[in-house]
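A quick write-up on the structure given underneath.
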Amino acid sequence: MKTYKTIILSIISIISLENIPAQQLPQLRADNIKEIIAAMTLNEKINMVMGVGKENIWEKYGTPRTDFWLKGQVGATFAIPRLGIPYTTLTDGPAGLRIDTIQNGIDNKTYCTAFPSATALASTWNKELVERVGVAMGHETLVYGSDVLLAPGMNIQRNPLCGRNFEYFSEDPLVSGLMAAAMVNGIQSNGVGTSVKHFIANNIESNRRNINAVISQRALREIYLRGFEIALKNSNPWMVMTSYNKVNGYYTSENPELLKNILRNEWNYKGLVVSDWVSGKDFVAQMRAGNELLMPGNYQRQTLLDAVSRGKLSENVLDRNIESILEYIVKTPSFNKYKKTNNPNLAENASISKQAAAEAMVLLENRNNTLPLVNEKKYALFGKTSYNFIAGGTGSGDVNNQHTISLIEGLEKNKLKIDINLSLFYKHFIDSVKQFGKIREDLLLKPKNIVDFTDEPFLTKQQIQNSLKNADVAIITIGRNAGEIWDREVDGYFNLTKSEATLIQDVCDIFHAAKKRVIVILNIGAPLETSSWKHLPDAILLAWQTGQEGGGALIDVLKGNTNPSGKLAVTFPDKYIDIPSAKSFPGVPAKNPVNAFYEEGIYVGYRYYETFGVKPSYPFGYGLSYTNFSFSPLHLNKTTFDDEIEVSVEVKNIGKTAGKEVVQLYIHAPVTVIEKPTYELKGFEKTRLLKPGESQIIKFKVNANSLASYWTAKNQWIAEKGNYEISIGSSSSNMCSKVNMFFEKDIIVQNVNDVIYPNFFFEELSSQTIEK
Ligand code: BGC
């Protein structure tokens with residue numbers, strides 16, 4: 001126990017150290033980080049490993065309010081002016097910078113651009129385009145004076161009910177990893193940072209701060225870690241954000257097996273590990289595990305101080321974590337004295353947002369070439385969402401943009417006629433919902449979201465009948481919104497509501513009887529049920545939640561100015577019960593789940609549907625175009641495989657309209673010892689815009705690393721000997737061109753640590769139990 005005298009002495013020494021004038025002290029530079037740490041007091045060290053806290057807890061913890069950040073920014077690191085360490089700020093999020101629009105001391109409103117959400121961006125399958133979106137997001141981050149954009153979100157879309165799916169790219173780790181890398185590279189090209197999140201397995205929002213995801217080592221390696229691994233190999237995000245949940249018994253932020261053995265040692269990650277906002281329970285364990293920065297911070301102070309004074313937390317651990325934090329700080333605009341302008345290029349960024357939106361839309365059905373709409377001039381717009389486009393989801397993935405363009409405005413801007421009676425009916429409905437509806441702020445919903453969470457109004461058959469005379473065509477928009485903190489329900493979210501189903505049925509009956517066509521637009525953030533109604537309309541266009549320019553982009557696609565080239569990066573199942581995680585989602589107990597058993601193992605998304613012969617409504621990789629493409633036979637650059645082989649294919653536009661095609665490379669690997677999914681995506685590229693008759697050669701490099709599977713018993717990535725079928729697919733269900741490659745011997749790609757073992761025994765799905 002410290003004596004009274006020693007306590008007094010150490011307080012005096014802290015005070016006096018902190019009071020040494022700055023001229024006599026080292027000032028932070030990239031090459032004197034260790035010297036700076038040596039000059040810090042314990043108090044300063046504790047400050048450095050925490051954020052400064054959230055606005056709403058500043059008062060409680062006594063931190064003086066500072067005016068260095070904009071309202072809406074979510075976090076900052078501490079400043080130590082005497083050592084030349086400035087504050088740095090961290091801001092959400094994945095669809096664009098999320099700050100408030102009204103700020104003290106700034107005359108103009110601080111709007112940002114709402115870009116298409118991640119699921120939509122992934123559907124472009126266009127890495128260059130996603131990188132351009134990143135460049136634009138990063139520029140807004142910079143000019144508004146933020147140092148880090150807390151993006152991209154890149155968890156695997158395991159189940160359509162997860163509230164945050166819209167923030168995530170795909171059910172496939174390769175798509176997630178490469179899209180995340182493209183976005184990181186784009187954002188960081190501005191000299192600001194990113195934080196890939198949420199590391200790992202944050203696929204459930206129910207009880208998200210405590211839920212334990214129980215996952216086999218193989219599924220972790222091949223599915224849930226793989227995307228992050230790919231992202232980190234192809235980009236260098238300044239930060240990795242750990243997730244709220246536990247995996248196999250431990251909070252990810254407290255688990256050295258995850259943060260040290262895998263992230264640092266196996267993957268050689270050199271950036272900063274930051275916690276999610278108020279996550280984990282044991283701050284000392286977080287520090288020791290290498291979760292170097294605790295956000296939003298401040299409330300951990302006393303625990304950390306006590307732990308140091310009791311010898312439970314060594315200063316060496318703090319020093320090591322601070323080193324990483326300072327390595328981050330010296331890269332930031334704040335450190336490099338960047339002067340913010342608060343003046344983003346909103347017009348240019350709106351045009352990038354629109355281009356990405358148009359390229360993200362997926363044409364699901366197009367009977368008798370209903371689309372593009374060439375001659376139709378008069379439109380009957382059904383569904384509240386036709387008048388109230390959903391740019392993106394709720395919570396930290398939201399953006400405070402100036403205005404979201406809805407389909408009706410898109411039509412009006414293009415001087416196309418709308419049925420006024422219908423439009424008045426819906427506008428009246430929307431106004432009254434906005435006026436009288438109840439908003440759930442506890443679910444991070446804003447008043448602007450209230451219409452999204454209200455069911456369709458009832459429309460009489462007579463009303464639909466009346467609209468016939470004012471319309472050449474009917475468009476029905478079905479909308480869905482969701483967000484963090486809570487997961488959605490099967491009924492009313494995955495399945496259509498009764499009013500939506502009736503609306504589609506009635507409009508189709510009445511318009512078809514008059515020989516007029518009906519198009520359904522899906523303005524959604526995650527798959528919904530389509531099988532029971534998809535035969536009714538003439539065309540279905542999946543618009544996703546495509547940001548503020550959604551309505552304009554929709555017109556481009558509907559009118560054929562843009563030929564749709566989006567493909568699904570997530571499967572649309574036939575029925576909810578077909579989803580491999582249907583029975584285990586969200587977890588047990590169902591109400592406030594404590595454990596979630598990932599019983600489907602590696603069979604997530606198309607890996608399941610293809611292997612188990614379960615036909616989805618629309619498979620992964622699927623999407624129609626206004627033209628057709630052919631693929632040449634595949635060509636390999638050598639006959640025997642050593643380290644790497646090049647696969648090439650010629651894609652030709654054999655239709656009448658210019659268009660882009662996504663070239664998807666799948667492998668079917670031999671099952672020697674380890675079972676494998678029937679197909680796995682191993683590469684993808686998008687062609688340039690090909691005119692009719694034009695072709696392009698696309699090349700892929702395939703190496704043993706990309707072919708390997710994880711062998712749990714040996715903790716090894718191994719490409720087993722045998723025959724590998726390499727195919728180009730127009731989706732995971734339709735392989736167009738194939739070639740075989742034979743491996744004489746097993747190739748061991750990597751031996752890894754035997755870590756993150758499930759803390760429960762559970763039965764995992766296996767294809768080897770299928771009766772042939
Ligand atoms: C979310 C993160 C977000 C953070 C800061 C958390 O609740 O999970 O994705 O970046 O808040 O807003």
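Side chains are part of it too, since the values below use all heavy atoms of this structure and drop only hydrogens, waters and symmetry mates. Just so it is clear, the structure is predicted and the values come from calculations on it, not from any experiment. Order of listing sets the numbers, starting from 1, for every ligand and every atom in it.
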Quiz item: Per the side chain to side chain donor-acceptor pair (under 3.5 Å) rule, which among T242, N321, T252, D276 passes with N291?
Solution: T242
Quiz prompt | Pairing of E600 and R158 as salt bridge, 4.0 angstrom limit | solution = yes
Quiz item: Looking only at protein heavy atoms, which one is nearest to atom 7 (O) of ligand 1, and how far off is it?
Solution: Y244 OH, 2.8 Å
Quiz item: Has ligand 1 got any nitrogen or oxygen that is less than 3.5 angstrom from a nitrogen or oxygen of R209?
Solution: no
Quiz item: Where on M295 is there a heavy atom closer than 4.0 Å to ligand 1, on the side chain, on the backbone, on both, or on neither?
Solution: neither
Exercise. Taking the side chain as every heavy atom from C-beta outward, state whether N388 and D452 have any pair of such atoms under 4.5 Å apart.
Key: yes
Quiz item: Tell me: protein heavy atom nearest atom 9 (O) of ligand 1, and distance?
Solution: H198 NE2, 2.7 Å
Quiz item: Should K127 and E131 count as an ion pair when the cut-off is N to O under 4.0 Å?
Solution: no
Exercise. Before accepting this row, confirm whether a basic side-chain N of the pair R320/E323 lies closer than 4.0 Å to the acidic partner's carboxylate O.
Key: no
Practice problem: Check ligand 1 against E484 and write out every atom of the ligand that is under 4.0 Å from a heavy-atom position of the residue. | Solution: 1 (C), 6 (C), 7 (O), 8 (O)
Exercise. Around atom 4 (C) of ligand 1, find the nearest protein heavy atom and jot down its residue, atom name and distance.
Key: D276 OD1, 3.5 Å
Self-check item: Contact partition for R164 relative to ligand 1, non-hydrogen atoms under 4.0 Å
Solution: side chain
Quiz item: Heavy atom of M241 under 4.0 Å from ligand 1?
Solution: yes
Self-check item: Listed once per pair and sorted, the salt bridge (Lys or Arg N to Asp or Glu O under 4.0 Å) pairs that draw on residues 185-202, sequence neighbours left out
Solution: D92-K197
Quiz item: To which protein heavy atom is atom 10 (O) of ligand 1 closest, and what is the distance rounded to 0.1 Å?
Solution: D92 OD1, 2.6 Å
Quiz item: Would Y87 and F78 count as a close aromatic pair, with their ring centres under 6.0 Å?
Solution: no
Quiz item: Parallel, tilted or perpendicular for W486 and F453, by the 30°/60° rule?
Solution: tilted
Quiz item: Considering only heavy atoms of K197, which atoms of ligand 1 have at least one such atom less than 4.0 Å away?
Solution: 2 (C), 3 (C), 9 (O), 10 (O)
Quiz item: Which bit of R208 gets closer than 4.0 Å to ligand 1, counting heavy atoms only: side chain, backbone, both or neither?
Solution: side chain
Exercise. For V74, take its heavy atoms, then give the atoms of ligand 1 lying under 4.0 Å from any of them.
Key: 5 (C), 12 (O)
